[in-house]
Amino acid sequence: MKVLILPDAQAATRRAADIVSRTVSATPDSVLGLATGGTMLPLYDALAQRHRDEGLSFAKVTSFNLDEYIGLTPDHPCSYHHYMQEAFFRHVDIDPARTHLPKGDAADPQAASDDYEALIEKAGGIDLQLLGIGQNGHIGFNEPTASLGSRTRIKTLTESTRRANQKYFDSFDETPRYAITTGVATILASHKCLLIATGTAKARAVVDMIEGPVSAACPASALQLHARVTVILDEAAAGELHLKEYYETVHPGGRDSAFD
Ligand code: GLP
């Protein structure tokens, strides 16, 4: 894993935006795996700004989001369809026909999951997968004990994830209990992964992901098996890492290498 530690969340966002911009500029028809959550909002803002100010184009990009709540229609204000529309899609030139999210309102969510996995494969797989991390170490909605060999499917959300996401809903009871998520193995099949974590609330999960054993107890730890993962952290999220000084020596100031 390439562990890049930046001074604060703003610098971490800028660093992540550089990587996404470079990918899309080098390969305009990239297949991007997109994530939701509060951590991604400043990244989408930064990318939209680069679209406006620097002409960064997403016109040929294909996108697949990690997950969607079961039972919410795309126009539900708390759906990830709605989140993506508001946070990113409507601010850039991406072709709506090339954007994909799991169909949380499908009559048969498992069939919709199988179709989604097939669509990703048909697109040639994901070139760059963006990821956040849950406080309990989840990626996508792969909650602790999710099979490391899992593909897109229905997952039951833990109480802690529902509590963390409750702020977007009117009450805990209205916070969905189920989601469709791409699997841990789906994520590991991506060509490259870029995970962003900011804030002290993520520090424990970050240690388990980077320095813990590879274990379904922390699904993000499966990223240790992937050869091309970049983790971008701010100081707060990096605060509990045992080998923090080592990562800072290898990647001074969050640069790719000491030789840059
Ligand atoms: C949700 C999403 C995850 C995301 C996580 C962290 O549970 N399904 O993909 O990584 O939230 O969200 P935040 O960035 O708001 O902490």
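Computed over heavy atoms, backbone and side chain alike; hydrogens, waters and symmetry mates excluded. What you see is a predicted model; the values in this text were computed from it and never measured. Order of listing sets the numbers, starting from 1, for every ligand and every atom in it.
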* **atom 5 (C) of ligand 1 - nearest protein heavy atom and its distance** => H138 NE2, 3.6 Å
* Strictly under 6.0 Å, is that where the ring centroids of Y69 and Y80 end up? -> yes
* Of the backbone atoms (N, CA, C, O) and the side-chain heavy atoms from C-beta on, which set of I139 has a member under 4.0 Å from an atom of ligand 1: side chain, backbone, both, or neither? -> neither
* To do: Could you tell me whether ligand 1 has any atom less than 4.0 Å away from a heavy atom of K202?
  => yes
* Which atoms of ligand 1 sit under 4.0 Å from any heavy atom of G132? -> 10 (O)
* **Close approach, G140 and ligand 1, non-hydrogen under 4.0 angstrom** => yes
* Does Y69 approach ligand 1 within less than 4.0 angstrom via side chain, backbone, both or neither, non-hydrogen atoms only? -> neither
* Heavy-atom nearest neighbour in the protein, as seen from atom 12 (O) of ligand 1, with distance rounded to 0.1 Å -> G37 CA, 3.8 Å
* **Carboxylate-amine/guanidinium proximity below 4.0 Å for D256 and R15** => yes
* Asked: Under 4.0 angstrom from ligand 1, any heavy atom of Q135?
  -> no
* What is the nearest protein non-hydrogen atom to atom 4 (C) of ligand 1, stated with its residue, atom name and distance? -> T36 O, 3.9 Å
* Could you tell me whether the side chains of R153 and S113 share a donor-acceptor contact shorter than 3.5 Å? => no
* Asked: Got a sec, which pairs hit ring pair (Phe, Tyr, Trp, His ring centres under 6.0 Å) with one end in residues 44-66, sequence neighbours left out?
  -> Y44-F88, F58-F88, F64-H100, F64-Y116
* Structure fact -> Residue, atom and distance of the protein heavy atom nearest atom 6 (C) of ligand 1 read I133 O, 3.6 Å
* Taking only Lys NZ, Arg NE, NH1 and NH2, and the carboxylate oxygens of Asp or Glu, determine whether K103 and E68 approach each other closer than 4.0 Å. => no
* Got the closest protein heavy atom to atom 8 (N) of ligand 1, with its distance? -> D67 OD2, 2.8 Å
* Which heavy atom of the protein is the closest neighbour of atom 14 (O) of ligand 1, given with residue, atom name and distance? -> T39 OG1, 2.4 Å
* Does G149 offer a backbone N or O that forms a donor-acceptor pair with the side chain of S147 under 3.5 Å? -> yes
